[in-house]
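As a basis for the values below, the full set of heavy atoms in this structure was taken, side chains included, without hydrogen atoms, waters or symmetry mates. This chain uses plain numbering: 1 for the first residue, then up along the sequence. Note that the coordinates shown come from a computational prediction; the quantities given were computed from them, not determined experimentally.
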Amino acid sequence: MLNLSSGNGGAYIRFLSQTQKWENSDKAVITLPLMVMDMESVRTGWLLLAVGQRDWVEDATVGVKGKQPAPEYKRGFSVKLFSKPTGVVEWCANQVGANKGFQAIFNECDKLANQHPGKVPIISYDGSTAVKIGAGNTSIPNFSLKNWVTRPAAFDADQANAEADADFEEPEAAPAPAQVRQSAKPKPAPAPVKQQQDDEEMFN
């Protein structure tokens, strides 16, 4: 069982909704590269973030809301991401904008996961959208699904010795219509994939 709830000083990234920038665990602003998402590591729960405080109360089942510990706790998520520049990092957040951005890319990847057994998605950060929610302002990070690769061993390895073994090549472009043989038989439609959670259910 992965333990993502402790503030043990591990490498992490966070999205700064007010400035629409990313920051690493050294408090440095970074440009987010292509990232591999560990779907198995995704957790949902209640997160308390305050000055000098961080407490994470994980749901017993992903997407099934547990009891709120106190009014100060907000719905949030935790996920492991990997790239060659960053190594394995955790993204854990409870901001409304971050929740919406992660929910969207998770749903997209989850719908296609059964079509890519043994593989994990490569996602791209495509900027953010400033929105007004209630009386406040926030930003929603936008992501797109780029490709699927074999799950990097770095997700399970000792991080001090982990190898950057993921292939981050962009998917091959589809052939132009003129290059497609007219006699080629159309591929059968993929079987429907059972979705783990409906849109907007994980954090509501």
Do [X] and [Y] belong to the same hydrophobic cluster, where Ile, Leu, Val, Met, Phe, Trp and Tyr are linked whenever their side-chain heavy atoms lie under 4.5 Å apart, directly or via other members?
X: Phe77; Y: Leu32; value: yes
X: Ile13; Y: Phe106; value: yes
X: Val120; Y: Leu34; value: yes

Between [atom1] on residue [X] and [atom2] on residue [Y], distance to nearest 0.5 Å:
X: Thr86; Y: Met35; atom1: OG1; atom2: CE; result: 4.0 Å
X: Ile123; Y: Ser83; atom1: CD1; atom2: OG; result: 10.5 Å
X: Lys21; Y: Leu16; atom1: NZ; atom2: CG; result: 9.0 Å
X: Cys92; Y: Leu47; atom1: SG; atom2: CG; result: 4.5 Å

So, do [X] and [Y] sit near enough that their side-chain heavy atoms are less than 4.5 Å apart?
X: Met39; Y: Pro121; value: yes
X: Met37; Y: Ile105; value: yes
X: Trp148; Y: Ile122; value: no
X: Arg75; Y: Asn94; value: no
X: Lys65; Y: Thr44; value: no
X: Thr129; Y: Asn142; value: yes
X: Phe102; Y: Asn99; value: no
X: Leu145; Y: Leu112; value: yes

Under the criterion side-chain contact (heavy atoms from CB on, under 4.5 Å), I'd like the reasoning laid out for Val131 against Lys100: C-alpha separation, chi angles, the key distance, then a yes or no. CA-CA 11 Å; Val131 295; Lys100 287 183 176 294; over 6 Å; no

Check: [X] side chain, [Y] main-chain N or O, donor-acceptor pair, under 3.5 Å:
X: Ser139; Y: Ser17; value: yes
X: Asp59; Y: Val62; value: no
X: Trp46; Y: Pro69; value: no
X: Gln95; Y: Gly97; value: no

Return the minimal non-hydrogen interatomic distance between Ala98 and Ala93, and the atom names on each side. CB-CB, 3.9 Å

Where is the tightest heavy-atom contact between Ser128 and Pro141, given as atom of each residue plus distance?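 Closest approach of Ser128 to Pro141, heavy atoms only: CB-CA, 4.0 Å.
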
Go through the structure and list residues passing ring-ring contact (aromatic ring centres under 6.0 Å, His included) with Tyr125, not counting sequence neighbours. Trp22, Phe143

Salt bridge flag under 4.0 Å for residues Lys80 and Glu90: no

Quick one: do Asp38 and Arg151 make a salt bridge, cutoff under 4.0 Å?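 A salt bridge is present here (some side-chain N lies under 4.0 Å from a carboxylate O).
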
Where do Phe15 and Trp91 land on the ring-ring contact (aromatic ring centres under 6.0 Å, His included) test, with the steps shown first? CA-CA 8 Å; Phe15 178 66; Trp91 181 26; 7.3 Å; no

Using side-chain contact (heavy atoms from CB on, under 4.5 Å), reason through Val89 and Phe82 one step at a time and then give a plain yes or no. CA-CA 6 Å; Val89 293; Phe82 171 75; over 6 Å; no

If you look only at pairs with a residue in residues 117-134, which of them pass as a salt bridge (Lys or Arg N to Asp or Glu O under 4.0 Å), with sequence neighbours excluded? none

Just do the side-chain hydrogen bond (donor to acceptor under 3.5 Å, both in side chains) check on Tyr73 and Asp55 with the steps written out, would you? CA-CA 8 Å; Tyr73 287 72; Asp55 190 33; 2.6 Å; yes

